[in-house]
Amino acid sequence: MTSRPVWLRSASSPPRPGFRLALRPRARGLLLLAAVVTLAALITGRSILYNLAYLLIALLLVSLAWAWSAVRDLEIRRIPRVRRQSVGGFFEETLILRNTGFFPKVWLEIRDGSNLPGHRASFVLDNLGPQRERLWTARTRCRRRGLYRLGPLTLIGTDPFGLFEATLQLAETSEVLIYPLVLPLWRIGLPVGLWRSSEAARRRTSEVTPSAGGVREYQPGDAFHRIHWPSTARRDRLMVKEFDQDPAADLWIVLDMMAEVHVQRPLPEEEWDLGAPRGLLPPSTEEYAVAAAASLAAYFLKRERAVGLLAYGSQRLLLPPHRGEAQLERILEGLALLRAYGTQPFHDVLQTHAMRMVRGAVLILITPSGDPRWAIVARSLDGHGIRVAAVVLEASSFGGAETGPRVLPILQSAGIPTAVIRFGEALPLALEALGAP
């Protein structure tokens, strides 16, 4: 979706905040020369020295006025192709600079203060004539999830002699949101989650499902397409259809974002060896965990499952299960901003929330923690009618302590499907093994 372009204007008379006029080194030499010549003319009284002094002073004044006008009467428009992109995609924007004044701009530099990693929107141009415009395009590979600032822009202009330099900062900024990496998954054989038929019949949903559960009287806010006209005609009042919850139960992705359990391997970026497109995932359990959560959410939502997300990190992220593209966008947006700054242990998060989830739900737990308490809680959930699968990040491959030997025996003894992710291995293959027998 293309965002609406906005013109950023430099006023005809630049305001004081953000505007600065500075002398270049050659201007200081010329000022000194003008002062010496003027003093010599006053001492000697020779007309040639007076003429030279007038010429030097006039040159300085003209250059000063030209530099002052160099950042006046300009308009800049930033046109991003999209305001949201995913890691691995390309963010592209076009910048258009227009001279609305009557004097040419001899030399202009546009410096971009965006903090999007690798984004290079700065530009230098010369000889921009009156009522003319120039455009250029900046294209950047998105390598880090998060919310980034576009701008501010700084205009730097000078006079034809290069004596003075005018700087004007346009304070307006905008934002671009980079979603986490989503990797394609082919098949994950997790159970759909089970309810008894009587349980499913008792659960009503506002979503349209293949299972019609009956009719009830219309209430304000009900969609008109759910009106059941034959019942309306028989009862002489508006009646709407109710639907049973789909037998494929809710699926929750529970992400451990406690700060203490996540590690990052100190490795230069050029030496990263990834199981994903090169350079898109740093050697960090946090980034691998977020990419796994995003990929699993996209996989199951595309297969019409109701997916929810739970994580305690830089913020409490609790998204109830829903279906569709809108839910995927909510999950990716939440994951884009989430950071592993949490303080609550994973087993506490599970005890607080998982025990309250409906029977028959499926939980996918993602963690690098070697604390066996969360595995014990996961084992006990099956007794509450909740199916559990686990994605364990082997922290030792990221430079931390071993995870697997402390939790895998507990998970295996309970028959919990488990995938182990190691740095440098293909992430999709590891996730696809989650439901393998």
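- Ion pair Glu109/Arg111 flagged as a salt bridge, since at least one NZ, NE, NH1 or NH2 atom sits closer than 4.0 Å to an Asp/Glu carboxylate oxygen.
- By the 30° and 60° cut-offs, the orientation of the rings of Phe423 relative to Phe398 is tilted.
- For Glu93 and Arg78, the salt-bridge test passes: some basic side-chain N is under 4.0 Å from an acidic carboxylate O.
- We find that Arg84 and Glu329 are joined by a salt bridge, their nearest charged nitrogen and carboxylate oxygen being less than 4.0 Å apart.
- Remark: Arg46 is not positioned above the aromatic ring of Tyr50, lacking an NZ or CZ atom under 6.0 angstrom from the ring centre and at most 45 degrees off the axis.
- The two residues Ile386 and Met357 come nearest to each other via the heavy atoms CD1-O, 4.0 Å.
- When atom types are taken as modelled, the side chain of Asp256 and the backbone of Phe346 share no donor-acceptor pair closer than 3.5 angstrom.
- Minimum interatomic distance between Lys105 and Ala70 (heavy atoms only, all atoms of both residues): CD-O, 3.4 Å.
- Glu286 has a carboxylate O that lies under 4.0 Å from a charged side-chain N of Arg145, or vice versa, which qualifies the two as a salt bridge.
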Stepwise side-chain hydrogen bond (donor to acceptor under 3.5 Å, both in side chains) test for His353 and Tyr312: CA-CA 11 Å; His353 292 278; Tyr312 273 44; 2.8 Å; yes

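- Within the cation-pi definition used here (under 6.0 Å to the ring centroid, within 45° of the axis), Arg72 does not qualify as a partner of Trp66.
- Remark: Thr158 OG1 to Leu163 CG distance equals 7.0 Å, nearest 0.5 Å.
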